[in-house]
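Model, not experiment: these values are computed from the prediction.
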Amino acid sequence: MSKKYEATLQVQDDKLFHFTGCMGIVMVCTLLLSEGWGTLIGIGVALGLSFGKEAYDEKYGTGWSWNDLYADGFGIAVGAIGAAWAVVW
(Lines give C-alpha, C1' and ligand atoms only; values in the text may rest on other atoms or scores of the structure.)
Protein backbone atom coordinates (compact mmCIF):
# COMPACT_ATOMS: atom_id res chain seq x y z
CA MET A 1 0.00 0.00 0.00
CA SER A 2 1.37 3.42 -0.89
CA LYS A 3 2.21 5.92 1.85
CA LYS A 4 -0.22 8.45 0.40
CA TYR A 5 -3.07 5.95 0.68
CA GLU A 6 -2.08 5.06 4.24
CA ALA A 7 -2.04 8.75 5.22
CA THR A 8 -5.52 9.18 3.73
CA LEU A 9 -6.86 6.30 5.82
CA GLN A 10 -5.22 7.72 8.92
CA VAL A 11 -6.84 11.12 8.40
CA GLN A 12 -10.25 9.51 7.92
CA ASP A 13 -9.84 7.52 11.15
CA ASP A 14 -8.95 10.73 12.97
CA LYS A 15 -12.06 12.47 11.68
CA LEU A 16 -14.17 9.47 12.69
CA PHE A 17 -12.83 9.77 16.25
CA HIS A 18 -13.65 13.49 16.30
CA PHE A 19 -17.15 12.85 14.97
CA THR A 20 -18.02 9.98 17.32
CA GLY A 21 -16.44 11.64 20.36
CA CYS A 22 -18.46 14.83 20.01
CA MET A 23 -21.62 12.96 19.11
CA GLY A 24 -21.22 10.78 22.19
CA ILE A 25 -20.59 13.72 24.50
CA VAL A 26 -23.76 15.50 23.37
CA MET A 27 -25.91 12.37 23.52
CA VAL A 28 -24.67 11.27 26.95
CA CYS A 29 -25.13 14.75 28.43
CA THR A 30 -28.63 14.98 26.97
CA LEU A 31 -29.71 11.60 28.26
CA LEU A 32 -28.11 11.89 31.71
CA LEU A 33 -28.84 15.53 32.51
CA SER A 34 -32.11 17.41 32.29
CA GLU A 35 -33.47 17.15 28.77
CA GLY A 36 -33.47 20.83 27.88
CA TRP A 37 -30.24 21.86 29.53
CA GLY A 38 -28.45 18.57 28.95
CA THR A 39 -28.21 19.17 25.23
CA LEU A 40 -26.88 22.69 25.69
CA ILE A 41 -24.37 21.52 28.28
CA GLY A 42 -23.28 18.70 25.97
CA ILE A 43 -22.83 21.08 23.06
CA GLY A 44 -20.82 23.46 25.24
CA VAL A 45 -18.60 20.68 26.58
CA ALA A 46 -18.02 19.24 23.11
CA LEU A 47 -17.20 22.66 21.63
CA GLY A 48 -14.88 23.48 24.51
CA LEU A 49 -13.01 20.21 24.16
CA SER A 50 -12.86 20.58 20.37
CA PHE A 51 -11.35 24.04 20.42
CA GLY A 52 -9.16 23.18 23.40
CA LYS A 53 -7.73 20.18 21.58
CA GLU A 54 -7.01 22.25 18.49
CA ALA A 55 -5.36 24.97 20.58
CA TYR A 56 -3.18 22.28 22.17
CA ASP A 57 -2.32 20.88 18.72
CA GLU A 58 -1.46 24.38 17.52
CA LYS A 59 1.01 24.90 20.33
CA TYR A 60 2.43 21.41 20.92
CA GLY A 61 1.22 19.11 18.14
CA THR A 62 0.62 18.98 14.42
CA GLY A 63 -1.05 22.38 14.11
CA TRP A 64 -4.58 23.72 13.91
CA SER A 65 -6.96 21.61 11.81
CA TRP A 66 -10.19 23.10 10.55
CA ASN A 67 -11.13 19.68 9.17
CA ASP A 68 -11.06 18.28 12.72
CA LEU A 69 -13.39 21.06 13.81
CA TYR A 70 -15.72 20.34 10.87
CA ALA A 71 -15.90 16.69 11.96
CA ASP A 72 -16.52 17.83 15.55
CA GLY A 73 -19.31 20.18 14.44
CA PHE A 74 -20.97 17.47 12.38
CA GLY A 75 -20.76 15.09 15.34
CA ILE A 76 -22.29 17.70 17.63
CA ALA A 77 -25.18 18.29 15.21
CA VAL A 78 -25.87 14.57 14.75
CA GLY A 79 -25.61 14.01 18.49
CA ALA A 80 -28.10 16.77 19.25
CA ILE A 81 -30.57 15.47 16.67
CA GLY A 82 -30.11 11.87 17.78
CA ALA A 83 -30.52 12.73 21.44
CA ALA A 84 -33.64 14.78 20.74
CA TRP A 85 -35.06 11.86 18.80
CA ALA A 86 -34.21 9.44 21.64
CA VAL A 87 -35.84 11.67 24.24
CA VAL A 88 -39.04 12.07 22.20
CA TRP A 89 -39.39 8.34 21.50
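- Cluster annotation: W66 and L47 are assigned to the same hydrophobic cluster (Ile/Leu/Val/Met/Phe/Trp/Tyr, side-chain heavy-atom contacts under 4.5 Å, transitive).
- Going from atom OH of Y56 over to atom OG1 of T62 covers 10.5 Å, rounded to the nearest 0.5 Å.
- I25 CD1 to S50 OG: the interatomic distance, rounded to the nearest 0.5 Å, is 7.0 Å.
- Listed here is the closest heavy atom pair of V26 and G79: CG1-C, 3.7 Å.
- Between the CG atom of D72 and the NE2 atom of H18 there is a distance of 5.5 Å, given to the nearest 0.5 Å.
- Once rounded to the nearest 0.5 Å, the distance linking CG of L16 with CE of M23 reads 9.0 Å.
- Hydrophobic clustering, with ILVMFWY side chains joined whenever heavy atoms are under 4.5 angstrom apart, groups F74 together with M27.
- Looking at residues two or more places apart in sequence or on another chain, you find a side chain to side chain donor-acceptor pair (under 3.5 Å) between D57 and K53.
- Using a 4.5 Å heavy-atom cutoff, the side chains of W85 and I81 are not in contact.
- Scanning all heavy atoms of the two residues, the minimum distance from A80 to T39 falls at CB-CG2, 4.1 Å.
- Under a hydrophobic clustering in which Ile, Leu, Val, Met, Phe, Trp and Tyr are joined whenever their side-chain heavy atoms come within less than 4.5 Å, directly or via other members, W37 and L33 fall into the same cluster.
- Within the 4.5 Å cutoff, the side chain of S65 has heavy atoms near those of the K15 side chain.
- A donor-acceptor pair under 3.5 Å is absent between the side-chain atoms of E54 and the main chain of L69, judged by distance alone.
- Using modelled atom types, no side-chain atom of E58 and backbone atom of G63 make a donor-acceptor pair closer than 3.5 Å.
- Here the CD1-CZ distance, from I76 to F19, works out to 11.0 Å after rounding to the nearest 0.5 Å.
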